[in-house]
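Note sheet for the following structure.
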There are 2 protein chains.
Amino acid sequence: MGTTQLKLSDLARLAGVSTSTASRALNDNPLIKKETRERIQALAKEHHFSVNAAASRLRMQKTKVIAVIINLEAETKQSVDDPFLLKVVSDINRAVNRKGYELLLSNSYMAGEDWHGYFISGRRADGVIVVGQGKEQARIERAARAGTPIVVWGDPKTSANYPIVGSDNFIGGLNATEHLIARGASKLLFLGDPGHAELGERYRGFCHAVEKAKVEAKMIKIDITSEAAYASINASLRAQGLTFDGIFACSDMVALGALKALKERYVSVPNDVRIVGFDDIAMAQISFPALSTIKQDTNAAAQLLVEKLLSQLSGETCASQEVPSSLVIRQSS
Amino acid sequence: MGTTQLKLSDLARLAGVSTSTASRALNDNPLIKKETRERIQALAKEHHFSVNAAASRLRMQKTKVIAVIINLEAETKQSVDDPFLLKVVSDINRAVNRKGYELLLSNSYMAGEDWHGYFISGRRADGVIVVGQGKEQARIERAARAGTPIVVWGDPKTSANYPIVGSDNFIGGLNATEHLIARGASKLLFLGDPGHAELGERYRGFCHAVEKAKVEAKMIKIDITSEAAYASINASLRAQGLTFDGIFACSDMVALGALKALKERYVSVPNDVRIVGFDDIAMAQISFPALSTIKQDTNAAAQLLVEKLLSQLSGETCASQEVPSSLVIRQSS
DNA sequence: ATGAAAGCGCTAACAC
DNA sequence: GTGTTAGCGCTTTCAT
């Protein structure tokens, strides 16, 4: 407070050196004698000096910032409050920090249509991580084509001109469904929206297991929210009674919505109906019965996402990659 | 791609005007003739031109960025994944965007101890919003004293040299407890950690209601997580049997952990024990039975937080403020 | 091992 | 209504 902002040249004067020396010292440049470096760094700390990031960025032509944009469909009601999405963001945050970058949290509202222009030409960030592939990839593709360093959390099987990192959704769906069948379920239900890339893969896995085991199966297409799941199970129970004994829900939130509807109508889980979800959000172990689910390794994925983005920054190109998921068996199945 | 970055002077040349005219035109400065302005803006769009934010920030001495720092205790296990915290962040994000600012998501890891130095002197942000008051306010206070424009989500009753916005925790606790009593509970339990400022106020409200109604009450101090709540209710049930018939949990996550322990031991909710939580996270309505809770208006709070921060930026000082909360009655009580 | 000076791209005070 | 120009604070090339 009070005293005007110290700048590098002020610090240099206080230290009795030139600004170039001061700059080098603060950046730990070995050109500067070690003791000079340390003296200047101590002085900087003492005077609470920080380099002006704006000036530095202008000069360096890079920002050390990564933008994360949460890419939600307008059409779906899956909200930014989805605990899973938020967990992904928070893991990305950690991964980004570990590499010495900052995280600009953004969205279509700010970035508009032209992500390359906004983030890259606008020197707001050096690269972009998109969380959520959505159903419509035009904007991502356009940004990538414009030369934006960009990586996406989504379904790695999708062919694209940018790397996608995500879980092995097909195998996840397969494992979940085979587990349901192994536990004795023979009339299966998939709850979700296969139109969404990742969920489509999970559904493929589901279908594959179903065909192999030659059991009955159907799919109810719903919005990916607990409310929609609750409503749809409720409606189904009311209209046709209990027509299934195993549910593979496309997400934990969906599974929990279904679970509630079942319990309200005194359908016993797992005795009458077995349920497996996807994600392994915190609530999965707190629900009663605790929810069996496919755990997505968001931490590993976040790290990969950041690594791939940084290697794009140094000119390399990288491929999409699947992250192993794992079945967590709890009480609901 | 390919073609080198367009800068303002290039755009100006393309338009046949000077850079100052171009700059003014893009900033909608009425000094420039309307048609010139529009012509230049169209040209900018056509060429995907964006002003270099680094240069602009250097020149303007402001960033149009607000840093949000999630302030968690090292000691507590309450994690960044707490759905409520994340909801607050996401509401702040919206509020910040509406005012034309961007959101830098940060944490102690990046910002270190000297927030003023890092964010303000470092020209990374114009102001700081701290989510979570924590038990230790030294860093916040120091930043405020150094002249950082700063606002905090926390307990507004705390006296501080910075504005705090949060729910009326005392009234929330009071209402929750009175509701429990009105529903017939007479042996109450508070589950949480009154050492934390906001929770302390909720506990005060609890005690006030208890004294007024002259009912039995006790408090179990736990870490603010569902796991801790689950473990503690489990232990209590095992050791002493059912010694309470009403629980006021300091958060929904805690309430849900308690609920699970109860259900596992066949204690009926709400017949044997009534529970009320705090926050109204999405899971509250999806749990079975649906959780009664005190809803915090995070959206209103986020807006206030941002408004107060922005008015600090224009030199005003502002006071702390409470946001009304409301009791949401569902099935658990 | 250190210093002088140029220049990153923008905005605004000052001219016209 | 528009142009000229200085300068925001830093990093780095080039000189010593």
* Structure fact -> Of B/Asn71, B/Asp155, B/Thr158, the one forming a side-chain hydrogen bond (donor to acceptor under 3.5 Å, both in side chains) with B/Gln133 is B/Thr158

* To do: Rounded to the nearest 0.5 Å, what's the gap from CD1 on B/Ile69 to CZ on B/Phe119? Could you check?
  => 5.5 Å

* To do: Please check if the side chain of B/Asp126 supplies one atom and the backbone of B/Thr63 the other of a donor-acceptor pair under 3.5 Å.
  => yes

* Asked: For the side chain of B/Ser23 and the backbone of B/Thr19, is there at least one donor-acceptor N/O pair under 3.5 Å apart?
  -> no

* Is any side-chain heavy atom of B/Ile66 closer than 4.5 Å to a side-chain heavy atom of B/Leu104? -> no

* For DNA chain C, note the earliest and the latest nucleotide, 5' to 3', having some atom under 4.0 Å of a heavy atom belonging to chain A. => C/dA1 to C/dG9

* Quick one: on DNA chain C, does A/Leu58 or A/Gly16 contact a more 5' nucleotide (nearest heavy atom)? -> A/Gly16

* Asked: D/dG9 phosphate, OP1 or OP2: any side-chain N/O from B/Gln61 under 4.0 angstrom?
  -> yes

* Measure from NZ or CZ of B/Arg94 to the centre of the six-membered ring of A/Tyr109, then state whether that distance is under 6.0 Å and the direction lies within 45° of the axis. => no

* A/Asp91 side-chain N/O to A/Val88 backbone N/O, donor-acceptor pair under 3.5 Å -> no

* Heavy atom of residues 32-45 of chain B under 4.0 Å from DNA chain D: which residues? -> B/Ile32, B/Lys33, B/Thr36

* To do: Give, for atom OG1 of A/Thr21 and atom CG of A/Leu11, the distance between the pair rounded to the nearest 0.5 Å.
  => 11.5 Å

* Structure fact -> Judged by nearest nucleotide, the residue sitting upstream toward the 5' end of DNA chain D, B/Pro30 or B/Ala55, is B/Pro30

* Report yes if some heavy atom in the side chain of A/Gln312 is under 4.5 Å from a heavy atom in the side chain of A/Tyr162; otherwise report no. => no

* How does each nucleotide of nucleotides 11-16 of chain D score, in 5' to 3' order, for protein heavy atoms under 4.0 Å: base (B), sugar-phosphate only (S), or none (-)? -> BBB---

* Ion pair check, B/Lys7 and B/Asp10, cut-off under 4.0 Å -> no

